[in-house]
There are 2 protein chains.
Amino acid sequence: MSTHIPQGPARTRILGTATRLFYSEGVHTVGIDRIIAEAAVAKATFYHHFPAKDELVRAYLEAEFARQRDAVEALRATSTDPGATLVKIFENLGETGAGAAFRGCPFTNAAAEYPDPAHPVRQTIADYRRWSHTLFRDLLADIGHPDTDRTATILMMIRDGIVVGSDLDDPQALRAAIGEAVCRALRH
Amino acid sequence: MSTHIPQGPARTRILGTATRLFYSEGVHTVGIDRIIAEAAVAKATFYHHFPAKDELVRAYLEAEFARQRDAVEALRATSTDPGATLVKIFENLGETGAGAAFRGCPFTNAAAEYPDPAHPVRQTIADYRRWSHTLFRDLLADIGHPDTDRTATILMMIRDGIVVGSDLDDPQALRAAIGEAVCRALRH
DNA sequence: AGCAGACTAGACAGATCTGTCTGGTACTGT
DNA sequence: ACAGTACCAGACAGATCTGTCTAGTCTGCT
């Protein structure tokens, strides 16, 4: 029911289709043939825009990274209270985790399929995780938290726990525990 | 340097080789041909013991599940202090996470490659996660914690954070934060 | 008018995947 | 001595994978 005919230029269609399929079914299980079929694109066009499948995977994660950065940027622009921003980030995480289409974190899922830490895809994942940790640390510094670095690491744990647990356990029960988890993590 | 010639009966060799390869490189990237080659087993023998690859994946996770159950059982048998047991479980997690061969949680990694929640492999993963949550909840009850269920959920988050972060971030920095993370999670 | 660039359709190569099947060897218990 | 079991070696089928290549269409700019 949700198989829309993709719109716009070829590159956009490819990336949109790849995002949907890679996220919902995994990277290695989804072949190029399937992507070009569902994106309604010729094979030569695909390889014109992306020299190899791994480049598409990287572009998929890079786009997701940009999307999250923009969302956080928008959140920080509306609020001057860093504590509220922090809580809102985690509430949003729980909300998306409770959605039907949720299937975990695109970055950790991809990492599971790319074991080599030197691979370009893993570099993008590492960038994303450094950005996440820095984001938490900056917000904690803005709050005036005395233990920013270690607490940011603890918040990363909770973040990972939410995305993993929302996929594999009961997302509602998990969502109900997020507020308390963050609250306890911040206590020092 | 670590490619040992496998020992023992064929089934053990297959499962041992599969465990090593599936964990270090992923499930879909490792083919049957490679497993039978490194296990020094004939193809017919493989399919005699495991009717399909997915059955081997399931057996691999089931064996890992049993190993962890045994380890926890041994830990609970030596100590009568449930709080110390809980802390030790998390310390052990951080220790294995800091090891060179660590590549995240076998169960969450496998889940990333099996998107269908109804798949037998996902059932095993769900069993494992239910067991983990129940373990935490039982230990919290033994301590006399007033909020066992929600706190167990928070401990699950920290557990997931440790296994994900040990693989993708700096395992040493993460390990140094585990004690504090558990301590804050237990505070009520 | 004409040309460049983006696109489509699809054959093709070469590798690799899972799973089946044939045929032969070696050990073990009766 | 003999049946049963466990195993080995490897060919084979059929599907699927990534990536290349040929050949032709359509559109917009100059």
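A quick note: this is a predicted structure, and the numbers were derived from the prediction, not measured. Chain naming here is simple, since letters A, B, ... match the order of the sequence lines and numbering starts at 1 in each.
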Decide, yes or no, whether a salt bridge links [X] with [Y] under the criterion of side-chain N to carboxylate O below 4.0 Å.
{"X": "Arg129(B)", "Y": "Asp160(B)", "value": "yes"}
{"X": "Glu73(A)", "Y": "Arg69(A)", "value": "no"}
{"X": "Lys43(A)", "Y": "Asp33(A)", "value": "yes"}
{"X": "Asp70(B)", "Y": "Arg67(B)", "value": "no"}

Separation of [N] [atom2] from [X] [atom1] (nearest whole Å):
{"X": "Ile36(A)", "N": "dT8(C)", "atom1": "CD1", "atom2": "C1'", "result": "10 Å"}
{"X": "Ile14(B)", "N": "dC7(D)", "atom1": "CD1", "atom2": "C1'", "result": "10 Å"}
{"X": "His48(A)", "N": "dT22(D)", "atom1": "NE2", "atom2": "C1'", "result": "17 Å"}

inquiry  = Is there a side-chain contact (heavy atoms from CB on, under 4.5 Å) between Met157(A) and Leu174(B)? Walk through the geometry before answering.
reply    = CA-CA 9 Å; Met157(A) 295 185 201; Leu174(B) 192 135; 4.2 Å; yes

Just to be sure I understand the rule, does Arg13(B) reach a base, reach only the sugar-phosphate, or reach nothing, if contact means heavy atoms closer than 4.0 Å? sugar-phosphate

Ring center gap for Phe50(B) and Tyr60(B) short of 6.0 angstrom | no

field: Under 4.0 angstrom between Thr45(A) side-chain N/O and dT8(C) OP1 or OP2
entry: yes

Check nucleotides 18-22 of chain C against the protein and report each pair of N or O atoms closer than 3.5 Å, with its distance, or say if there are none.
from, atom 1, to, atom 2, distance (Å)
dT18(C), OP1, Lys53(B), NZ, 3.0
dT18(C), OP2, Ile32(B), N, 2.6
dG19(C), OP2, Tyr47(B), OH, 3.4
dG19(C), OP2, Lys53(B), N, 3.0
dG19(C), N7, Lys43(B), NZ, 3.2
dG19(C), O6, Lys43(B), NZ, 2.6

